[in-house]
Amino acid sequence: MSTSSPVETAGAATATYVDKRLGSNRFLGRNLGKVFPDHWSFMLGEIVLYSFIVVLLTGTYLTLFYKPSMVEVLYDGSYVPLKGVMMSEAYESTLNISFDVRGGLLIRQMHHWAALIFVAAMVVHAFRVFFTGAYRKPREFNWLIGVALLTMALAAGFTGYSLPDDLLSGTGLQIIRGILQSIPVVGTWAAFLVFGGEFPGTDIISRLYAAHILLVPGLILALITVHLMMVWTQKHTQFPGPGRTNDNVVGYPLLPVYMAKAGGFFFIVFGVIALISGLVTINPIWIFGPYTPDQVSAGTQPDWYIGWLDGALRLMPNWETVVAGFTISWNIFIPSVVIPGILFTGLALYPFLEAWATGDKREHNLLDRPRNAPVRTGIGVMAITFYGILWIGGGNDLIATAFDLSINSLSWFLRITLIVAPPIAFIVTKRICLGLQRRDRDKLLHGYESGRVLRLPHGEFIEVHEPINYKELAVITSKTDYSPLPAPEKTDADGVKNKKYLIQKIQHKISHFYYADDVKKPTAAEIEAAQHHAAHDAMLEAPLHEYEDADQISTFHGGVLHHPGMPETNAEQVAQQENRSTT
Amino acid sequence: MKFLAARRRNPIVALGLLLFALVVVGGGYAVVTETQPATAAMGSQTQVEDGERLYLEGCSSCHGLQAEGTGNGPTLIGAGAAAVHFQVATGRMPLAAPGAQAPAKEVIYTESEIEAMSAYVASLAPGPAIPSAEQIDFADADVAEGGVLFRINCAQCHQAAGQGGALTQGKYAPSLMESTPQEIYEAMITGPENMPIFADSTLQVEEKQAILAYINELQEAPSPGGLALGRLGPVAEGLFLWTAVFAALIAAAVWIGIKAR
């Protein structure tokens with residue numbers, strides 16, 4: 001300690017002071033050095049966290065001025081085109097935040113932009129987790145928490161979108177009411193329950209407010225905490241690479257590397273949000289005007305994350321059935337309740353379905369490359385395609401006007417595409433994955449294409465292949481070869497009937513679907529045989545190098561092609577260099 | 001030139017320039033004021049005759065030689081001067097090709113020719129007249145009332161910010177951002193394409209003026225929140241988010257990720 005700087009001494013003293021009271025040194029000592037793997041895509045989750053912090057900070061500021069009340073008042077603020085117009089106190093206070101509160105518009109825009117980024121980053125983070133198979137054992141529960149967070153984020157977003165009580169958000173609420181009413185049997189009562197009577201009533205804004213500032217963010221905070229704690233205790237997954245196995249974590253310690261990186265990234269995210277909020281308008285509520293149920297604007301859309309549901313609603317044919325005098329509105333119920341219900345259930349259960357169907361019960365700490373799980377990647381792309389078409393459907397009116405199309409033809413095109421495109425996307429993605437697997441196999445066997453073409457004495461042209469480097473080798477050989485589950489027997493060897501025959505047969509079929517087309521990694525014998533081939537190539541090319549600079553050969557060929565007189569192994573090379581330096 | 005260049009600082013030059021400017025301004029003024037009485041004398045016999053000639057050349061193939069209408073175009077008897085002025089002065093007529101709707105395009109007639117055609121159609125039967133300067137003067141109108149009326153009567157097709165919107169089968173409500181008060185007023189009283197007619201019994205003249213004032217506000221008011229993204233609502237915002245903003249954030253993540261290698 002005698003050689004330490006004053007800063008270190010002061011730091012140590014502080015740590016000791018705190019430790020005497022909290023016993024924190026043991027905890028910190030154990031955790032600050034925790035190693036995390038490095039990859040840019042691991043930072044997508046950080047964008048979620050940081051934008052959430054911005055949302056919390058700006059949201060707190062907004063609560064100081066926002067009034068969650070539907071009492072009608074006469075506007076007398078500084079925005080002239082609305083002066084003297086009757087409006088709810090909620091809308092009036094949002095106008096005041098925008099025009100009369102210092103910094104109010106900037107904070108409002110930051111809140112809204114950060115909220116959009118929050119959900120968007122969450123989706124992209126989920127893509128990363130899905131396509132790399134990071135949700136597999138032992139992380140299935142954390143995937144479930146992630147799905148819960150996504151639904152909570154949508155709830156937070158939608159309740160917030162509704163609070164200003166402008167024409168846009170009121171129209172959104174009217175659609176929510178329609179969705180509630182479309183639920184068979186209980187629909188009407190459910191709508192009355194939520195709105196406290198007839199739409200729009202006088203209660204909905206204060207109810208949404210309670211959900212938006214207390215219930216939903218509280219749940220999000222709690223879930224994020226558990227989510228991160230589980231990442232901490234289970235350790236982060238890593239991409240395959242040299243020295244990386246299923247049982248270790250290769251990366252940098254939390255302190256100082258990730259503290260600096262994460263801290264810096266927080267300021268970048270905060271900065272980007274502040275910058276766009278200062279430069280780009282979001283939700284100009286003063287243009288839309290106060291909500292009254294008898295008004296609606298063309299081009300009314302929800303924020304992007306609800307857009308796919310709006311699209312589903314727009315694309316759905318107008319089907320209704322009347323049963324015993326009661327109308328069942330399939331035209332609303334299917335796109336707004338059934339489709340999102342199926343998609344979110346499927347999303348939540350996917351890890352369990354995949355593990356069951358493939359019989360894969362191992363722990364996975366090493367991530368899959370998407371190409372090495374062609375069916376999973378295909379299913380993911382299929383789901384994104386389905387979602388994307390619904391999303392486009394949500395903007396069908398703007399697309400129609402922007403590209404001079406008929407909105408009717410566009411809707412029919414999208415209806416057909418919604419059914420046809422996802423399977424095509426699946427097949428194409430799976431074929432691309434298998435193609436990449438074959439290329440990986442070729443690279444292991446024959447090396448990469450060097451781009452040098454040789455003409456042999458008898459006129460044949462060949463391209464010289466060279467072995468891949470150790471990094472790529474580690475990545476490619478990380479692939480695990482899976483085999484479909486064996487077909488079940490109806491009776492076992494003793495003639496006892498297999499009671500699980502049917503379910504095992506389904507499992508066998510699905511695992512066949514998952515793994516039957518998998519391109520297997522080459523065996524050691526195959527690699528050996530192929531290396532003879534590479535050596536043959538090298539031999540053919542060798543005479544050319546007699547005319548070239550010897551140094552160039554060694555740099556080009558990474559130890560495979562050797563000019564006569566060049567060292568054959570690393571040991572020889574070292575010995576030769578030592579000889580050179582001594583003489 | 002050398003002669004002129006050498007004397008350009010001569011005191012006489014300033015006087016000469018002044019005279020030249022006076023002649024140009026005065027002469028220009030005379031020309032402008034001379035054409036004014038011609039427009040004021042709406043429906044004079046020569047104007048109607050001019051209009052009929054232009055009508056027969058440019059319009060009769062679809063609207064009929066007597067303006068009685070054909071299979072390709074409606075009758076113009078009783079359409080009124082305002083309808084003709086709106087359709088021709090915005091370039092919607094003459095139609096370039098049949099389609100879901102006549103698009104606004106380059107105007108091929110001069111203002112006096114359009115007025116002649118309007119006078120001709122007005123001479124066939126009474127119809128909505130071209131609004132007077134007082135009618136479209138919205139200087140004293142109540143902008144806030146106009147906003148309320150706009151949201152009740154116009155926004156469901158033309159969108160709350162007047163950016164326009166889609167209708168069925170390729171038809172659309174156009175953007176109002178480039179429309180003049182006269183065009184908007186004429187559209188309200190004649191109901192072109194799919195637009196309903198807002199007669200004075202539906203919307204009084206003062207109410208129409210309030211709407212003109214509000215549209216003018218939409219056209220000219222600055223955007224207090226920064227770049228307006230075309231005022232198209234959440235779709236434009238979402239597009240901006242997923243392209244520009246997300247590109248920036250991912251680029252930052254990649255940059256931080258790369259540095260450590």
Side-chain angles (χ1 to χ4, degrees), chain A residues 38-41 43-44 46-47 80-85 98-99 105 109 113 116-117 120-121 124 167-168 252 257 261 264-265 268-269 272 276 278-284 287-289 294-304 307 394-398 400-401 404-409, chain B residues 100 103 142-148 150-152 155-161 163-173 175 214 217-218 221 223-229 231-242 244-246 248-250 252-261:
Chain A
D38 214 9
H39 192 265
W40 69 266
S41 70
M43 296 187 156
L44 295 167
E46 286 181 39
I47 303 179
V80 175
L82 284 171
K83 240 180 164 63
V85 174
S98 306
F99 293 112
L105 184 55
Q109 298 200 142
W113 277 123
L116 294 194
I117 291 171
V124 181
L167 194 50
L168 208 54
Y252 295 91
V257 175
K261 280 191 173 212
F265 196 42
I268 290 179
V269 173
V272 168
I276 54 168
L279 295 177
V280 186
T281 310
I282 187 161
N283 199 15
I287 296 283
F288 301 116
D294 61 342
Q295 294 176 6
V296 69
S297 163
T300 296
Q301 262 98 6
D303 276 337
W304 77 261
N396 60 356
D397 53 336
L398 288 175
T401 45
D404 282 338
L405 299 169
S406 155
I407 195 167
N408 305 57
S409 322
Chain B
D142 182 349
V143 178
E145 191 205 350
V148 174
F150 183 84
R151 286 189 288 276
I152 292 174
Q156 61 264 60
C157 298
H158 288 285
Q159 199 243 16
Q163 300 291 336
L167 303 175
T168 53
Q169 309 289 3
K171 298 185 287 265
Y172 55 91
S175 162
Y214 186 70
E217 165 77 23
L218 287 176
S223 168
L227 210 68
L229 298 178
R231 282 201 183 137
L232 291 173
V235 172
E237 290 157 10
L239 193 65
F240 175 72
L241 174 89
W242 277 100
V245 180
F246 238 74
L249 289 174
I250 300 237
V254 171
W255 176 62
I256 291 180
I258 283 170
K259 282 278 167 181
R261 277 195 197 147

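Lettering of chains follows the sequences in order, A, B, ..., and the numbering in each one begins at 1. Just so it is clear, the structure is predicted and the values come from calculations on it, not from any experiment.
Of the atoms belonging to A:Leu82, heavy atoms from both backbone and side chain fall under 4.5 Å from chain B. Using a 4.5 Å cut-off between heavy atoms, A:Leu44 touches chain B through its side chain atoms alone. Within the 4.5 angstrom heavy-atom criterion, atoms from both the backbone and the side chain of A:Leu116 approach chain B. At a 4.5 Å heavy-atom cutoff, the contact between B:Glu217 and chain A is made by side-chain atoms alone. Only the backbone of A:Leu279 comes within less than 4.5 Å of a heavy atom of chain B; no side-chain atom from C-beta onward does. Both the backbone and the side chain of A:Ile282 come within contact range of chain B, judged by heavy atoms closer than 4.5 Å. Using a 4.5 Å cut-off between heavy atoms, A:Val280 touches chain B through backbone and side chain atoms alike. For B:Ala100, no part lies under 4.5 angstrom from a heavy atom of chain A. Proximity to chain A involves both the backbone and the side chain of B:Thr168, based on heavy atoms less than 4.5 angstrom apart. With a threshold of 4.5 angstrom between heavy atoms, B:Leu232 approaches chain A through its backbone and through its side chain. With a 4.5 Å cut-off on non-hydrogen atoms, A:Leu398 touches chain B through its side chain but not through its backbone. The contact between A:Ala400 and chain B is made entirely by side chain atoms (from C-beta outward), counting heavy-atom distances below 4.5 Å. Within the 4.5 angstrom heavy-atom criterion, atoms from both the backbone and the side chain of A:Val269 approach chain B. For a residue to count as touching a neighbouring chain, one of its non-hydrogen atoms must lie under 4.5 Å from one of that chain's; by this rule B:Leu239 does not touch chain A. Residue B:Phe150: no heavy atom, backbone or side chain, is found under 4.5 Å from chain A.
Within the 3.5 Å criterion, the main-chain N or O of A:Gly394 finds a donor-acceptor partner in the side chain of A:Gln301.
Residues meeting the side chain to side chain donor-acceptor pair (under 3.5 Å) test with B:Asp142, sequence neighbours left out: none.
The residue among B:Phe246, B:Trp242, B:Phe240 with the most heavy atom pairs within less than 4.5 Å of chain A is B:Trp242. By number of non-hydrogen pairs under 4.5 angstrom with chain A, the leading residue of B:Ala244, B:Ala160, B:Ser175 is B:Ala160.
Looking only at side-chain heavy atoms (C-beta outward), A:Ile47 and A:Phe265 come within less than 4.5 Å of each other.
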